[in-house]
Every structure is written in structure tokens, then in C-alpha cells.
Amino acid sequence: MLLIREDEVFSLLGFDEAIEAVEDGFKLMGLGQAVNTPRRRTIMPNAVLHVLQGSVLGNYGVAGLKAYLSTKRGTRFVVLLFGLEEGEPLAVIEADWLGRVRTGAASAVAARHMARTNAEVLGLVGTGGQARTQFEALSRVMKLRLVKVMSRSRKHAEDFARFVGSRGFDAKIVDDYGEACDADVLVTATNSKDPFIDGKRLASGIHVNAVGSNWPNRAELMPSAVERAAVIAVDDVEQAKLEAGDLIMAGIDWSRVVGLSEVVLGRVKGRPSDDAVTIFKSMGIAVEDLVVGKLVYEKALKKGMGIEVEFKGFHAFQT
């Protein structure tokens, strides 16, 4: 079994290959070759334990989980992979960077199938760690020309704009949600508890990736934004019913909501017209973690990275 540390994950995991792996995961879900179990939470007075689990067949052949404990002092993430053939533990992977990349990759997959093909302006509300990987991933699938950056902190907005510029793209700091919503693709990546994106402000033809909330009582999109959408896709419908606050708080008719796997496979048209508003409500699911985790594991094996840990099991002590 390999123990793979954060610095190794950072050096091994690229955005292009993560996007392809996550798209594979959605295809396999749609074909019945991957199983996602919705996140479960153990809530304690000063901490919350979160666990996502599932399995992926096809070329991946793994089952496993991601677990993380949220406290006031921070959060640490770990992915555990098992091989399906013999049930052996393959890897324990420190997964903060992995989680950020796979979330960006899921948004990129959604934009690839749901945004206009000539999308070139990205509106980005929020400038934290998730926002950076959203930008990096979306820059791979858009004909990106301009990034509109909005943050509650002017300094954070300026830092993010410089980061965008360092990647060779133009950035513009905006102070109004309406200007951020005047884009081809909008990403909301905030920790807001209350919805703030008004459907009246959304540009015609916009695609929205709502990333910030995976709690039922928190949202970024106002009900008016949800109502404007011609297509609403989620990572996993059953998980969305439990934790997609943007949809739950809007009183959504769940018959309007589809899994992104259906869009990726072409069973549902991700963009019915150029002027349609489309939404991907991202929560983060186990299948995304597992396919990207397997990618990291295979690359670590090839490059001789990670720490080999012997896992004997009880049979080693039997006589």
C-alpha cells in the first residue's frame, strides 16, 4: 500500500488528465459501472466528520472513500483506495489538493457539455483556494479571453487578478454581482450562507457552476436564478436531494434535475439553445475522488513516488 503525501499529489496531478478522468467517472456512472454513496456526516460539538464512498469499474477497478474532519482549526482530507480484484488496500492519499482539482475538473466537464461552444468570458465570485482550481480547469475547456473577478476583499481580488494574468489571461476586478453575471460562464465559489445571485442579473445564454455549498441550508443561487435555468445538472441526484441547498431552498421540482452523467452521455441535451441559462450544481462526490485518486496512484507507481507501507492483515498471524 502506498502513502502518497500532498506535495507528491501536487507534482503528479495535472488538470487536463483530471478533467478526462472525471468525465470518465460520469460516463461510468451513467452506464451503471460506478456507484456513488451520498456523503454522510457525524456532527459533534466542535467538529464534523464527513465520509464519501463508492466504487468505479471500467479501467479503474477501485472502491474506496474520502474522509475529512472539519474543526475550527482546519480540515484535513484523505482518500483510501482498495483494488476490486483482491480487496487489497492500494493507497492512502492526502487529498486537499486532489479535492480542489477534482472539483475544478467537474466544473470543466459541465462547462464542456453545457456552456456555449464559443464561451470566452468567465465570471468568478470568490477568490479562495477552490476559485483558483476552478479557473485553472475552466481555462482548459473555454476559449478564455477575460476573467471577471469579484471578492469581498479588494486585496484578495487584486491578488487573484495578478494570478490570472500570470497564466496569460486578462482579468478585470468587478464590484457588482450584475457585472460578474454578465459572462458566458459564471462560477460561484464562496462560503456564503445566504443566496445572492439573482436570476434577473444572469446574462442570456450563461452557464453557471455553483460550487460553494454542499449543505441543505446554505445557498449561493436565489430561487429566481434556479427558475431561469432550462437545464439543471448535478453530480448525483440522490446526493443533491440531501445537500444541494441552492436547489432545496428554491423548492425545486426534482423532475427538472438530471445527473451530469446523463448530459455527458448525450441522453439529455446540456444546452437546448444559445440563449438558454444552464446550471451545474456541484457538491463533490466519491466517484470524482476515486477516479482522480486512482490516476494519482498509478502515476506514483510509475515514478517510484509514495511511501510503501506493508499491510499484512490478520492471516499473517495465523499458524
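To the nearest 0.5 Å, atom OG of residue S261 and atom CG of residue D236 are 8.0 Å apart. The OG1 atom of T133 sits 6.0 Å away from atom CH2 of W97, with the distance rounded to the nearest 0.5 Å. The CG atom of N214 lies 11.5 Å from the CG atom of L242; values are rounded to the nearest 0.5 Å. Note that CD of E94 is 6.5 Å distant from CG of L3, once rounded to the nearest 0.5 Å.
Residue pairs meeting the ring-ring contact (aromatic ring centres under 6.0 Å, His included) criterion with at least one member in residues 200-250: none, sequence neighbours excluded. Listed by first and then second residue, the salt bridge (charged side-chain N to carboxylate O under 4.0 Å, His left out) pairs involving residues 267-278 are E262-R267 (not counting sequence neighbours).
For the residue pair N46/R73, the side-chain donor-acceptor check at 3.5 Å is not satisfied. Q134 and N209 are not linked by any side-chain donor-acceptor pair at a separation below 3.5 angstrom, with hydrogens and angles left out of the test.
Closest heavy-atom contact between G54 and A286: N-CB, 3.9 Å. Residues A183 and A180 approach most closely at CB-O, 3.7 Å, considering heavy atoms. Closest of all the heavy-atom pairs between L2 and G306 is CD2-C, 4.1 Å. When all heavy atoms of I19 and V109 are compared, the pair lying nearest together is O-CG2, 3.7 Å. Minimum interatomic distance between M114 and V263 (heavy atoms only, all atoms of both residues): CG-CG1, 4.1 Å. Residues V101 and A18 approach most closely at CG1-CB, 3.6 Å, considering heavy atoms.
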Show your working on side chain to side chain donor-acceptor pair (under 3.5 Å) between S255 and D253 and close with a plain yes or no.
CA-CA 5 Å; S255 67; D253 175 356; 2.8 Å; yes

**Q.** Chi angles and distances behind the side chain to side chain contact (heavy atoms under 4.5 Å, CB included) call for L290, E288
**A.** CA-CA 6 Å; L290 295 179; E288 297 162 6; over 6 Å; no

Requested in this report: Just do the side chain to side chain contact (heavy atoms under 4.5 Å, CB included) check on L49 and R41 with the steps written out, would you?
Outcome: CA-CA 5 Å; L49 175 65; R41 290 182 166 107; over 6 Å; no

Please test L52 against R40 for side chain to side chain contact (heavy atoms under 4.5 Å, CB included), starting from the C-alpha separation and ending with a verdict. CA-CA 7 Å; L52 304 85; R40 293 293 182 264; over 6 Å; no

Under 3.5 Å donor-acceptor pairs involving side-chain atoms of residues 139-148, not counting sequence neighbours:
{"unit_1": "S139", "atom_1": "OG", "unit_2": "E136", "atom_2": "O", "d": "2.7"}
{"unit_1": "R140", "atom_1": "NH1", "unit_2": "E136", "atom_2": "O", "d": "2.9"}
{"unit_1": "R140", "atom_1": "NH1", "unit_2": "E136", "atom_2": "OE1", "d": "3.0"}
{"unit_1": "R145", "atom_1": "NE", "unit_2": "E120", "atom_2": "OE2", "d": "3.1"}
{"unit_1": "R145", "atom_1": "NH2", "unit_2": "E120", "atom_2": "OE2", "d": "3.4"}
{"unit_1": "K148", "atom_1": "NZ", "unit_2": "E179", "atom_2": "O", "d": "3.3"}
{"unit_1": "K148", "atom_1": "NZ", "unit_2": "D182", "atom_2": "O", "d": "2.9"}

Under 3.5 Å, side-chain donor or acceptor atoms of residues 22-33 against the rest of the protein: list the pairs with distances, not counting sequence neighbours.
{"unit_1": "E23", "atom_1": "OE1", "unit_2": "R112", "atom_2": "NH1", "d": "2.8"}
{"unit_1": "E23", "atom_1": "OE1", "unit_2": "H113", "atom_2": "NE2", "d": "3.4"}
{"unit_1": "D24", "atom_1": "OD2", "unit_2": "Y60", "atom_2": "OH", "d": "2.9"}

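Around atom CZ of R76, no more than 12 heavy atoms belonging to other residues, nucleotides or ligands sit under 6.0 Å away.
Looking at residues two or more places apart in sequence or on another chain, you find a side chain to side chain donor-acceptor pair (under 3.5 Å) between T190 and E220. Checked against salt bridge (Lys or Arg N to Asp or Glu O under 4.0 Å), R228 has no partners two or more places apart in sequence or in another chain.
L186 and L124 are members of different hydrophobic clusters when ILVMFWY side chains are connected at heavy-atom separations under 4.5 Å.
Side chain of K66 to backbone of I285: no donor-acceptor contact under 3.5 angstrom is found.
A parallel orientation is assigned to the rings of Y68 and H50, their planes being inclined by less than 30° (bins at 30° and 60°).
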